[in-house]
Each structure stands twice: as C-alpha cells, then as structure tokens.
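Below is one structure, written out as structure tokens; the observations come after it.
Within every chain, numbering begins at 1; the chains are lettered A, B, ... in the order of the sequence lines, protein sequences first and strands thereafter.
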Amino acid sequence: MLIELKIRDQIVEAIEKCYHQQVDPSLVQLQNTREEFEGDITLVVFPFVRMSKKSPEQTAAEIGEYLQQHVAEVDKFNVVKGFLNLVISSSYWLSVLNSASANANFGITEPNESSKLVMVEYSSPNTNKPLHLGHIRNNLLGFSLCEILKANGNKVVKTNIVNDRGIHICKSMYAWKMWGNGQTPESTGIKGDHLVGNFYVRFDQEYKKEIEALIGQGESREYAEQNAISMLGAREMLLKWEAKDPETVELWTMMNNWVYNGFDVTYKELGVDFDKIYYESETYLYGKEEVLRGLAEGIFYQQEDSSVWADLSAEGLDQKILLRSDGTSVYMTQDIGTAKERFQDYHINKMIYVVGNEQNYHFQVLSILLDKLGFEFGKGLHHFSYGMVELPQGKMKSREGTVVDADDLMAEMIEVSRKTSEELGKLEGYTPEQAAITYKMIALAALKYFMLKVDPKKNMLFNPEESIDFNGNTGPFIQYTYARIRSVLRKAADRGIEINHLIGTETAVGMKELQLIKLISQFPDAVKEASDNYSPALVANYIYELVKEFNQFYHYFPILIEENVEIRNLRLIISENVGKIIKTGMKLLGIDVPERM
RNA sequence: GGCCCCGUAGCUUAAUGGAUAGAGCAUCUGACUACGGAUCAGAAGGUUGUAGGUUCGAGUCUUACCGGGGUCACCA
C-alpha cells in the first residue's frame with residue numbers, strides 16, 4: 001500500500017523532529033488495525049519510547065498529532081496502550097478503489113526486458129507406477145509457485161525431470177516379459193501408467209514368493225534377496241539396457257511410452273504443464289566430468305577402491321560419495337551435471353527445485369558442492385521443500401495398498417461434485433457438456449484449494465474417507481461467491497444499469513464497504529508476499545478472507561435494489577473488483593472459477 | 001545415536017516478536033416474499049506438548065525434556 005510508505009517516512013520525520021533521534025525505517029512497525037478498534041493502520045510505538053523517554057501513550061499521541069498535521073490522508077487517530085491507530089480518510093480509500101478498478105491486471109506485475117528468468121523443477125515422477133497423492137501436492141505447489149512468480153514479474157521455465165531408467169523400471173519390464181502375455185493398454189483398456197504399475201506390483205509379489213522359497217531351502221534372507229530369480233532377471237535387464245541391447249531398449253521404449261501417455265492424461269486433468277521435460281536416461285551420465293575436475297583440483301578425494309568422495313566435515317556434514325568404485329554416477333552426480341546444463345541451456349538467473357522435505361539434506365549438500373566447484377549459482381539455488389501428505393493411518397505405503405491414486409481421487413471427487421450439483425439443481429439449462437465442465441471445475445477447486453491452503457512446509461493430513469469438503473474454507477465456497485457476483489452483474493446488465501467506473505471520492509461509504517476496499521487494496525501485497533515466502537497458501541488465505549468479508553456484505557446489504565444510485569454504483573464496483581480478484585487470485589492457484597454453479 | 005523439521009479447540013488449520021490466539025469441519029440454536037441457503041448470524045469448545053530463560057511484550061526467539069516424523073546408502 002502506497003499510503004504505508006508515506007506514513008513510514010513521516011514517522012521517521014516525526015521522531016526526528018520531536019525527539020531528535022534518527023530512526024531506521026525498518027523499525028517502524030505498521031500493521032492493519034484490528035477490527036475491534038477504530039482505525040485502518042496501526043503503529044506499534046514501543047520501539048520508540050526509549051527515544052521519547054515518555055510513556056507509550058504520550059509518545060503515541062505526539063506521533064499521532066504530527067501525522068495528522070503532515071499527512072493529508074490521516075483523518076484522525078486514537079491511542080490504545082502502546083498502539084497508535086490511524087484513521088485514513090475515505091476519499092483515499094475510494095481513490096484506491098478507482099485505481100484497482102481501472103486496472104484489469106490489478107495485483108499482477110508483468111515481466112519485462114530486465115526480468116529475472118527462473119527455472120522451476122517440479123513433478124519429477126518415476127515411470128514405474130502411476131501418480132499418487134504425494135505427486136498431486138508436488139504438482140499443485142509447483143504449478144502455483146510458477147504462476148505466482150510470473151505474477152511478480154519473473155519469467156519462468158517450468159521443467160520436469162522424468163526418472164525413466166534404473167532398476168525399478170527394469171522390475172516392471174521383467175514382470176511384463178515373464179507374465180504379461182503381451183498385454184498392452186489397448187488390449188486391456190487399462191491406462192498405460194496403471195498397467196505398468198500393475199507389473200511393478202506383480203514383480204514384488206513374485207519376488208517375495210521366491211525369497212520365501214529360497215529361505216525354505218535353508219538360504220539366508222540376505223542371500224535370498226540378492227539371488228531370487230526375478231531380481232537376477234531385473235538386474236540383467238539393467239545391464240543390457242546400459243549396454244544398449246536393442247531388444248531391451250525396445251521393450252523399455254514401449255513401456256515408457258505407455259507411461260508417458262498415461263501421465264499426459266493425469267497432468268492434463270490436473271491442469272499442469274511444462275515448458276521443458278528432461279529425461280534421466282539422457283542426463284544420467286552428466287556431472288561425471290565435473291566431479292573428475294573437482295578431483296583433479298583437489299576439491300574431492302579418491303579412496304583406494306577408486307570411489308570419489310566429498311569431505312563436508314568443515315560444513316558440519318558427512319562424507320558424500322560422488323562416483324562409485326566402478327566409476328558410475330550417483331544421484332548427486334547427476335544433479336550437479338543437470339544444474340550446470342540448465343544454467344547453460346537457458347541462461348537462467350535462478351533455479352528452484354520443488355521436492356519433498358525428505359530430500360532437505362540432499363539439496364543442502366548439492367548447494368555446497370556446486371559452490372565448491374565454482375558455480376556462482378550454487379549458493380542461490382532454492383529447494384522449495386514441502387511436507388509429506390499423510391493418511392489417517394500414517395504414511396502411504398504401496399505394499400499395504402494405502403496409496404491414494406491421483407486418477408482415482410480426481411474421478412471420485414468429480415463424482416461427488418456431480419451429485420451435489422444435481423441435488424442443488426443449479427445448472428438447469430446447461431448442456432450436459434457444459435455441466436460436466438462445471439462439475440470438474442468444482443471438484444478440482446476442492447482438491448487444489450484443500451492442498452494449497454496449508455503452509456507448504458508443513459506435513460498435511462488427508463482423510464480419504466471424509467473426502468474433501470465443499471463448504472466452509474474451501475475452493476467451492478470461493479467459486480460460489482464468484483458465481484454469485486457474476487449473477488448480480490448479469491442481472492445489472494439485464495436491467496440496463498450502467499456502471500460508472502469513476503467513483504467520486506466524496507461518495508458516502510459505509511463501514512462494510514470500507515472494509516472490503518481495504519482488503520481489495522491488499523491484494524498486490526498478498527501476491528508479493530506469496531512470492532517472497534514461496535507460499536501459495538498466502539494467496540489462498542487472502543482470498544478466503546476477502547470472500548468471507550464479501551459474503552457478509554452481500555448478506556446484509558442490497559446491491560441491485562439499493563435506491564441511492566451512487567451507493568448502488570459503489571457496491572457494484574466493489575462486487576466487480578472482488579470478482580476480478582477472486583478470478584486472478586484463484587488463477588495463481590491453478591483454479592478456475594465458473595459463471596454459474 | 002548425530003543432524004533437521006513438526007507438536008495450537010474433538011478433527012483440519014491461521015497468526016512480519018505486538019492488543020482479548022483467528023478460522024473451517026463436527027455439535028447445538030437461529031435466518032430465505034431483496035440480488036443464488038454450496039450462504040449468513042449466534043452458542044459452546046484453548047494453560048499454543050511440559051518446565052525454565054531472553055524481552056516493555058513470546059504460539060513465534062533460546063535451553064532442557066516429552067511425543068511424532070524425516071535423514072544420515074557405492075538407491076533415486
């Protein structure tokens with residue numbers, strides 16, 4: 001808010017004039033006045049009593065006096081304990097509403113020539129099983145973060161690195177070859193990623209049986225795990241794949257394509273996308289030369305078995321392996337390589353990894369290693385670390401069948417949405433296609449808002465039994481408010497009411513309207529804070545606050561029926577702008593809003 | 001065990017070191033002949049895990065402990 005800057009400056013000046021002290025503007029703590037007190041902006045005066053050598057009350061009164069005289073927008077003030085509550089003139093708030101109203105992109109900062117280019121990596125699935133609830137959180141956070149960064153004037157490259165190689169893929173391949181009878185997505189009607197996932201499960205079942213059999217024959221568990229025939233088969237496939245054996249590569253290509261086609265459907269349904277997809281099969285050899293360079297430069301060291309390590313004890317961390325004794329890369333090695341590659345390919349200014357908090361240590365180490373290798377971006381990389389999604393019975397475990405599948409979850413929610421909509425009968429006159437689009441829009445809003453409204457850093461609990469609510473602090477609640485606003489605006493147009501978009505700054509404004517205008521004025525701050533703090537939840541919380549306030553207003557005050565034309569116009573403008581912010585804000589969360597629901 | 005994160009109402013959660021810890025769900029009560037009741041209002045529900053410390057002021061910072069999770073792989 002512009003007014004805050006002005007007031008901050010004047011407070012610094014007031015203290016200089018009244019108490020002859022220099023104050024750092026950052027010491028000036030301004031906050032929104034709490035609802036139970038009169039005022040709009042509140043100064044916390046405690047930090048200044050040492051300078052004034054007077055009581056908090058007296059200090060506040062003196063600063064208030066000064067502000068009232070020197071800032072035209074400050075109408076009056078009151079003092080409660082150490083808090084100076086400033087009342088800002090309604091004409092100021094109306095001018096803020098006018099400028100918000102005149103700006104179709106209110107709250108959004110468009111990128112320009114000098115904008116930073118940020119690459120965000122998110123999603124990053126394995127190709128041996130379908131996406132689940134954990135991936136949903138990752139995808140929604142990643143997508144929303146990108147939208148928020150863009151809304152703050154950054155250019156963004158959305159990227160996804162697909163883990164399409166390794167022993168886990170070979171397990172599915174082996175199972176398909178052994179027990180698949182040539183099944184395909186077409187022959188079975190099963191979505192490709194699910195079909196491949198089924199074979200991954202099948203592998204595990206057979207493998208377990210083999211282990212038990214070997215133990216029954218008197219072998220140790222360890223031996224059995226290493227020498228079960230399925231495991232040997234999968235390992236052989238991995239070797240063949242790395243040797244580029246044509247038959248193995250062909251099988252790998254075919255099954256991966258099934259998975260990609262399946263993922264595409266899920267991504268589309270979720271509404272997320274990428275500008276650039278990396279495949280680990282193409283990047284897994286990257287990084288080795290960087291590690292060898294580090295070794296040559298004495299940054300890393302080699303053990304007798306010729307494995308290469310980084311010593312991070314100076315940073316308070318452990319030893320970290322970078323190349324195996326057979327000279328092959330590990331995960332960390334690849335990440336060093338891909339990081340370098342990305343900065344070269346795109347000339348990005350910043351790299352953000354959307355990866356769960358179980359990898360905090362990994363990214364801490366990655367940052368240090370890149371820095372040691374002399375890459376200036378090492379220290380600047382950001383691990384957007386988010387918490388796990390837990391079920392009532394704890395962590396999701398594929399072995400216990402508690403994994404919540406992404407496709408199933410979305411389908412179930414759409415079904416709930418359809419039933420609710422039909423019961424309420426709000427979509428009469430819509431074609432089945434229009435109605436279907438709306439059900440889906442509502443279901444996804446429920447899911448997305450549910451996951452995005454909580455602080456990304458925290459673990460969250462998801463209860464599939466209770467499913468997700470459509471009432472209260474939810475996506476559909478916000479959509480409903482939007483639909484209502486649109487309905488009012490449609491009716492206004494039907495009745496030939498013309499909206500005058502320039503409000504006279506002397507218009508009489510009620511308390512509730514003022515409250516809403518203040519909230520409207522804070523939208524740009526919410527967008528900025530969401531970016532500064534990497535938190536879509538801040539946008540969600542803001543929208544909820546705004547919508548709750550609007551619903552109260554809507555309940556108590558007539559809009560179209562209001563007889564005073566000036567007030568009616570003001571209320572229409574407020575409604576219009578609240579609607580605009582809901583739409584823009586929800587877009588930042590990757591959520592669409594319907595005209596009717 | 002070392003390191004890291006988290007403990008807020010029955011449940012899910014909010015709160016740049018600032019005023020009486022704010023919501024939603026669930027429970028109970030009330031409000032449609034105004035513009036959409038997927039709404040609104042009210043009631044009840046809290047020693048912010050426990051005990052100290054710093055501060056004019058602590059859910060927030062700090063120490064110890066208790067409880068939960070993560071991580072410390074020649075896996076990714």
Side-chain angles (χ1 to χ4, degrees), chain A residues 26 29-31 33-37 42 44-47 49-50 56 80-83 85 124 126 163 165-168 280 284 303 305 307-309 316-332 334-335 356-362 364 385 387-388 390 392 394-395 417 420-421 423-424 426 442 446 450 453-455 457-463 466 469-474 476-481 483-492 495 529 532-533 537-538 541 544-545 548 551-562 568 571-572 575 596-597:
Chain A
S26 67
Q29 292 180 55
L30 294 175
Q31 53 191 258
T33 305
R34 295 181 66 122
E35 219 155 328
E36 58 266 37
F37 302 104
T42 293
V44 183
V45 300
F46 291 110
V49 298
R50 211 169 291 150
V80 181
K81 291 192 264 179
F83 300 88
N85 301 321
S124 306
N126 293 347
N163 181 7
R165 60 163 286 280
I167 190 70
H168 48 290
E280 260 190 35
Y284 79 106
Q303 286 193 349
D305 64 1
S307 57
V308 177
W309 297 74
L317 305 173
D318 292 329
Q319 312 295 309
K320 186 76 196 174
I321 190 160
L322 299 173
L323 290 177
R324 299 189 185 99
S325 51
D326 63 3
T328 56
S329 297
V330 294
Y331 177 43
M332 187 62 79
Q334 289 176 49
D335 260 3
N357 63 10
E358 73 271 14
Q359 292 197 35
N360 284 355
Y361 184 73
H362 174 79
Q364 192 186 352
S385 164
M388 293 185 309
E390 285 166 351
K395 242 186 134 174
S417 166
T420 310
S421 288
E423 274 168 25
L424 293 170
K426 295 286 182 59
I442 296 167
F450 181 86
K453 76 176 174 183
V454 317
D455 184 342
K457 290 197 282 279
K458 293 191 176 171
N459 288 359
M460 65 178 293
L461 191 117
F462 182 89
N463 189 339
E466 295 172 10
D469 232 302
F470 287 63
N471 302 312
N473 185 1
T474 66
F477 168 78
I478 293 163
Q479 289 178 316
Y480 176 73
T481 309
R484 259 173 159 186
I485 290 173
R486 298 302 300 165
S487 172
V488 170
L489 294 173
R490 275 196 302 272
K491 289 209 164 80
R495 295 177 193 184
E529 283 198 11
D532 291 347
N533 296 297
L538 296 180
N541 292 346
Y544 177 62
E545 205 59 42
K548 211 163 52 126
N551 279 334
Q552 288 170 5
F553 163 73
Y554 181 93
H555 185 79
Y556 286 113
F557 299 93
I559 300 172
L560 294 173
I561 304 111
E562 170 60 41
R568 183 185 68 186
R571 290 179 182 165
L572 281 165
S575 304
R596 290 172 55 186
M597 66 184 275

Subject >> Where protein sits on nucleotides 22-36 of chain B, one letter per nucleotide: B base, S sugar-phosphate only, - none, heavy atoms under 4.0 Å >> reply: -SSS--------BBB
Original post:
What dot-bracket string describes RNA chain B from 5' to 3', counting Watson-Crick and G-U wobble pairs whose defining distances are under 3.5 Å, with [ ] for crossing pairs and | for pairs to another strand?
Top reply: (((((((..((((....[...)))).(((((.......))))).....(((((..]....))))))))))))....
**OP:** Sequence neighbours left out, what passes salt bridge (charged side-chain N to carboxylate O under 4.0 Å, His left out) with A:E562? Give chain and number order.
**Re:**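 Applying salt bridge (charged side-chain N to carboxylate O under 4.0 Å, His left out) to A:E562 gives A:R571.
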**OP:** Look at all strands and tell whether A:L323 reaches a base, only sugar-phosphate, or nothing, counting heavy atoms closer than 4.0 Å.
**Re:**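 No contact.
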**OP:** Tell me what A:D455 touches on the nucleic acid: a base, only sugar-phosphate, or nothing, going by heavy atoms under 4.0 Å.
**Re:**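 It contacts sugar-phosphate atoms only.
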Subject >> With A:H362 via ring-ring contact (aromatic ring centres under 6.0 Å, His included) - residues at least two apart >> reply: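 Counting only residues at least two positions away or on another chain, A:H362 forms a ring-ring contact (aromatic ring centres under 6.0 Å, His included) with A:Y331.
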Original post:
Sequence neighbours excluded, which residues qualify as ring-ring contact (aromatic ring centres under 6.0 Å, His included) partners of A:Y361?
Top reply: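 Checked A:Y361 against ring-ring contact (aromatic ring centres under 6.0 Å, His included); zero matches.
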**OP:** For this output row, return yes or no: ring centroids of A:F462 and A:F450 closer than 6.0 angstrom.
**Re:**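 Distance test on ring centres: under 6.0 Å, yes.
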Original post:
Rounded to whole angstroms, how far apart are NE2 on A:H168 and P on B:rC75?
Top reply: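 After rounding, the reported distance stands at 13 Å.
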**OP:** Taking atom CZ of A:R50 as the centre, report whether more than 12 heavy atoms of other residues, nucleotides or ligands fall under 6.0 Å from it.
**Re:**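 Incorrect, the count does not exceed 12.
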**OP:** Please answer whether B:rA38 and A:F477 are stacked, defined here as ring centres separated by less than 5.5 Å and planes angled under 30°.
**Re:**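 Stacking between A:F477 and B:rA38: absent.
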Report, one pair per line, the protein and nucleotides 71-73 of chain B atoms (nitrogen or oxygen only) whose separation is under 3.5 Å.
| from | atom 1 | to | atom 2 | distance (Å) |
| --- | --- | --- | --- | --- |
| B:rC72 | O2' | A:D318 | OD2 | 2.7 |

